[in-house]
Student: 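A single structure is presented below for examination.
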Amino acid sequence: MRVVFMGTPDFAVPALRALASRHTIAKVYCQPPRPAGRGQALRPSAVQRAAESLDLDVHYPVSLRGAEEVETLAALKPDVTVVAAYGLILPQAILDIPTLGCINIHGSLLPRWRGAAPVHRAIMAGDTETGITIMQMEAGLDTGPMLLRKTVPITDTTTTGLLHDTLAETGAALILEALDGLERGTLKAVPQPENGISYAEKINKAEAQIVWNHPSSKVARHINGLSPFPGAWFEHAGTRIKVLAAEPVEGQGQPGAVLDNSFTVACSHGAVRLLSLQRAGKDPMDAGAFYRGFPLPPGTLLNGQPAS
């Protein structure tokens with residue numbers, strides 16, 4: 001099939017590579033390079049780097065609105081456009097061009113967690129499963145009919161980083177299956193249920209401070225759901241410390257109090273064991289290595305945001 005691919009971050013790279021191995025990629029669309037690092041040099045996106053390594057033609061318009069972009073895409077004569085975390089709205093004129101439409105790889109089990117941050121929100125909400133939905137795109141936000149779904153479990157120690165990578169690989173396999181079905185004409189679209197709709201709001205850095213005065217299950221989900229970005233954090237002795245992995249455990253004490261030498265911290269109900277931590281400018285460390293360089297002995301009270 002003749003495919004136009006639209007995606008930008010790491011999440012989209014496995015799908016691009018999978019499609020390039022089986023189909024003709026007419027063009028790869030991604031977000032333009034952005035300033036990054038101390039020198040603010042322009043840095044290409046993960047998809048741009050992957051596409052260039054595969055010798056694929058890359059296009060990064062600022063917007064898809066306007067007759068010129070419609071003409072550019074139409075001239076490619078795509079059978080299908082595959083979209084994965086692209087980051088730009090596709091106008092109806094763009095959606096109408098491919099013969100088989102525009103197909104989106106979405107990181108949730110729709111209609112749950114439509115929107116910008118479905119992976120983070122599924123963990124933070126305490127969902128026990130999520131997955132990938134391959135859907136036909138329409139003008140609404142993740143409202144189109146579903147073609148395929150595959151479930152992925154979420155455990156007490158699943159972080160957004162781990163789940164992100166699992167879903168990216170799942171999406172890559174599922175999009176190949178979807179295109180095979182579309183090509184054969186055996187895949188039928190199913191409307192999304194009207195019940196169970198939820199929206200995954202974009203993650204705000206202001207959410208990242210840890211609130212110890214919550215039940216341990218909620219604190220652990222908050223930490224794991226924000227790992228690795230933006231990273232849940234607490235402060236101690238003027239130092240901000242990110243926690244990149246945690247698990248709920250038994251324990252009792254004043255919320256925010258360190259209970260033992262294994263970095264168990266009391267919550268309003270139960271406790272959490274901190275498994276991976278990071279100081280500013282340092283690499284992430286497991287709890288044991290971190291404790292040797294920055295000990296927080298039992299009885300230490302960690303700063304936390306009051307419960308709202």
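Throughout, residue positions are numbered sequentially from 1 according to the sequence presented.
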Student: Which residues satisfy the side-chain contact (heavy atoms from CB on, under 4.5 Å) test with K205, sequence neighbours excluded?
Tutor: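 K205 satisfies side-chain contact (heavy atoms from CB on, under 4.5 Å) with F229, P230 once adjacent residues are dropped.
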Student: Do H59 and E69 pair up side chain to side chain, a donor and an acceptor below 3.5 Å, judged on atom types alone?
Tutor: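 Judged by distance alone, the side chains do pair up.
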Student: Quick check: do V82 and I175 have side-chain heavy atoms less than 4.5 Å from each other?
Tutor: yes
Student: Salt-bridged, D127 to R112, with N to O below 4.0 Å?
Tutor: yes
Student: Answer yes if the side chains of E138 and T143 hold a donor-acceptor pair under 3.5 Å, and no otherwise.
Tutor: yes
Student: Answer yes when D156 and R221 have at least one side-chain N-carboxylate O distance shorter than 4.0 Å, and no when they do not.
Tutor: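 Not counted as a salt bridge, because no side-chain N and carboxylate O are separated by less than 4.0 Å.
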Student: Please identify each residue that fulfils side-chain contact (heavy atoms from CB on, under 4.5 Å) with L162, with sequence neighbours left out.
Tutor: T159
Student: When hydrophobic residues are tied together by side-chain contacts of less than 4.5 Å, even through go-betweens, does V258 share a cluster with I223?
Tutor: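 They do share one cluster, since a chain of ILVMFWY contacts under 4.5 Å joins V258 to I223.
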Student: Which residues satisfy the side-chain contact (heavy atoms from CB on, under 4.5 Å) test with A139, sequence neighbours excluded?
Tutor: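 side-chain contact (heavy atoms from CB on, under 4.5 Å) check on A139 returns Q92.
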Student: According to side-chain contact (heavy atoms from CB on, under 4.5 Å), who are the partners of K282, at least two apart in sequence or on a separate chain?
Tutor: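 side-chain contact (heavy atoms from CB on, under 4.5 Å) list for K282, sorted by chain: R279.
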Student: Tell me the closest heavy-atom pair linking P118 and G107, and the distance in Å.
Tutor: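 In terms of heavy atoms, the two residues are closest at CB-O, 3.5 Å.
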Student: Excluding sequence neighbours, so at least two apart, what forms salt bridge (charged side-chain N to carboxylate O under 4.0 Å, His left out) with D57?
Tutor: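 Listed in chain order: K27.
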Student: Tracing side-chain links under 4.5 Å among I, L, V, M, F, W and Y, which residues wind up in one group with I203?
Tutor: M124, L226
Student: Side chains of H106 and S108: donor-acceptor distance under 3.5 Å anywhere?
Tutor: yes
